[in-house]
Amino acid sequence: MAAIKLCINCLFLCLIGIASADSANKLRPDFYNLQCPLALQTIKEEGCDASILLKDTQNFTGEQSGVPDTGSTNGTDIIERIKGRLEKLCPGVVSCADIVAVAARDSIVAQGGPSWNVGLGRRDSTTANISAVSTDLPSPFMNLSQLLATFAKKNFTAKEMVAFTGVHTVGFVRCLFFRTRIYNESNIDPSYARSLQAKCPFVGGDDNLAPLDRSTPHRFDNAYYKNLVVKKGLLHSDQELYNGGSTDSIVEFYASNALHFRRDFANTAIKMGNFGPLTGTHGQIRKQCSKVN
């Protein structure tokens, strides 16, 4: 579960690409076929630009310190283990960024979600972008207009935003990020709020966890949207998707059309993973994912 939690957050972090791919260096699924043919199998067995994996150094603050990701990347050790195996198989070939991208897809599939072809050939960043994490990453406290603006910066439509946010059908969140909602907001089912208050006290318990999808937290399905319709979204930003605004009809559509959600989610995951990767001679292939070479 740790790897799944990490990879879901890394899907969001692919929004924060700061370099563009050269047209001659497009990502492609067969990138490692000759140089490291066992790469995908190795990643799958163990269960972006990988800047989320960098720890703090004297020169920069790593993105693991960023909000809202603090405490959410507890699968980095698994990514490091995968990297270690790949370095033995084919040293200096497979980037940490590609490991994260493939592991993200595999984690969704393992939870019963859709699969998609992951374009490969990313290279790893040589620094982290803590300011971008803090300002560009969707926050659990954002309202609908802020969410739409954040995704629009990366050319995501409202429908694509709602489809991609459906990743919240799996995973857990710390009490710190939903406390205000369950004690202060009115657009929440009262019994649902009370059940969460038992896990998340008004004071203390910041690290206590609750599932993003109360119905099927370990299965990738469309229950997340069904929960929103009955005011059982865990995060403020979740319920904002269904709160009398412009995205209500999209939520209702996915709540009643599971197959459409799976298809649209896969398409948005591809779009997310292709946003601004480092390729060609940009960046590096890290030997260890948590630090630059």
Side-chain angles (χ1 to χ4, degrees), residues 3-15 17 21 26-31 40 43-44 47-48 98 100-122 137-138 144 147-148 150-171 211-230 232-235 237-242 245-277:
I4 292 169
K5 190 175 180 184
L6 165 70
C7 295
I8 287 172
N9 281 280
C10 286
L11 275 172
F12 277 105
L13 285 164
C14 287
L15 278 168
K26 295 292 187 181
L27 302 180
R28 62 181 198 271
D30 63 350
F31 186 84
L40 299 187
I43 296 171
K44 185 175 182 179
C48 349
D98 275 344
V100 168
V102 174
R105 188 270 314 276
D106 290 349
S107 0
I108 294 297
V109 172
Q111 297 289 285
S115 184
W116 60 91
N117 289 326
V118 177
L120 302 171
R122 297 170 185 80
L137 195 66
L144 180 59
L147 291 168
L148 289 169
T150 298
F151 277 85
K153 289 179 183 177
K154 310 303 178 184
N155 297 317
F156 269 62
T157 66
K159 187 175 183 180
E160 288 173 329
M161 179 193 75
V162 175
F164 189 74
T165 308
V167 74
H168 285 183
T169 188
V170 291
L212 283 159
D213 175 357
R214 59 176 293 276
S215 305
T216 53
H218 302 294
R219 187 166 72 243
F220 192 98
D221 54 24
N222 66 334
Y224 166 75
Y225 300 106
K226 296 178 181 179
N227 292 335
L228 297 184
V229 172
V230 293
K232 293 182 179 180
L234 179 63
L235 300 176
S237 58
D238 288 332
Q239 197 60 55
E240 279 291 290
L241 300 182
Y242 193 82
S246 60
T247 54
D248 281 13
S249 60
I250 305 173
V251 170
E252 291 173 350
F253 176 74
Y254 287 138
S256 57
N257 292 276
L259 291 180
H260 284 283
F261 163 54
R262 291 171 65 87
R263 179 199 64 195
D264 290 352
F265 175 82
N267 288 335
T268 60
I270 292 171
K271 183 173 181 176
M272 188 75 75
N274 288 338
F275 185 84

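When every heavy atom of G166 is checked against every heavy atom of F220, the shortest pair comes out as O-CE1, 4.4 Å. Here the closest non-hydrogen pair linking Q239 and L228 is NE2-O, 2.9 Å. Closest approach of G119 to D98, counting heavy atoms only: O-OD1, 4.2 Å. Listed here is the closest heavy atom pair of K271 and K154: CE-O, 4.4 Å. Scanning all heavy atoms of the two residues, the minimum distance from L234 to P211 falls at CD2-O, 3.5 Å. Nearest heavy atom pair, residue L120 against residue P29, reads CD1-O, 3.5 Å.
The side chain to side chain donor-acceptor pair (under 3.5 Å) check on N222 picks up nothing, with sequence neighbours excluded. When the side-chain contact (heavy atoms from CB on, under 4.5 Å) test is applied to L144, the partners found at least two apart in sequence or on another chain are L148, M161, E240, L241, S246, T247. Partners of D248 by side-chain contact (heavy atoms from CB on, under 4.5 Å), not counting sequence neighbours, listed by chain and number: Y242. Scored by the salt bridge (Lys or Arg N to Asp or Glu O under 4.0 Å) test, R263 finds no partners at all (sequence neighbours excluded). With sequence neighbours excluded, the residues that form a side-chain contact (heavy atoms from CB on, under 4.5 Å) with A255 are Y225, K226, V229. Taking F253 as the reference, H260 meet the ring-ring contact (aromatic ring centres under 6.0 Å, His included) condition, with sequence neighbours excluded. For T268, the side-chain contact (heavy atoms from CB on, under 4.5 Å) partners are F156, E160, A163, F164, F265, not counting sequence neighbours. Judged as a side chain to side chain donor-acceptor pair (under 3.5 Å), and not counting sequence neighbours, the contacts of D264 are Y254. Residues satisfying the side chain to side chain donor-acceptor pair (under 3.5 Å) criterion with S215, sequence neighbours excluded, are N227.
A 4.5 Å side-chain heavy-atom check between L212 and L235 finds at least one atom pair inside the cut-off.
Interatomic distance, CD1 of I250 versus OG1 of T157, reported as 7.0 Å (0.5 Å rounding).
Within 6.0 Å of CZ on R28 lie more than 12 heavy atoms contributed by other residues, nucleotides or ligands. Within 6.0 Å of CG in D30 there are more than 12 heavy atoms belonging to other residues, nucleotides or ligands.
A donor-acceptor pair is defined here as one N or O able to donate and one able to accept, closer than 3.5 Å; such a pair exists between the side chain of R122 and the backbone of G273.
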(request) Using the side-chain contact (heavy atoms from CB on, under 4.5 Å) rule, take R105 and V102 through it: C-alpha gap first, then chi angles, then the decisive distance, then the call. (result) CA-CA 5 Å; R105 188 270 314 276; V102 174; 3.8 Å; yes
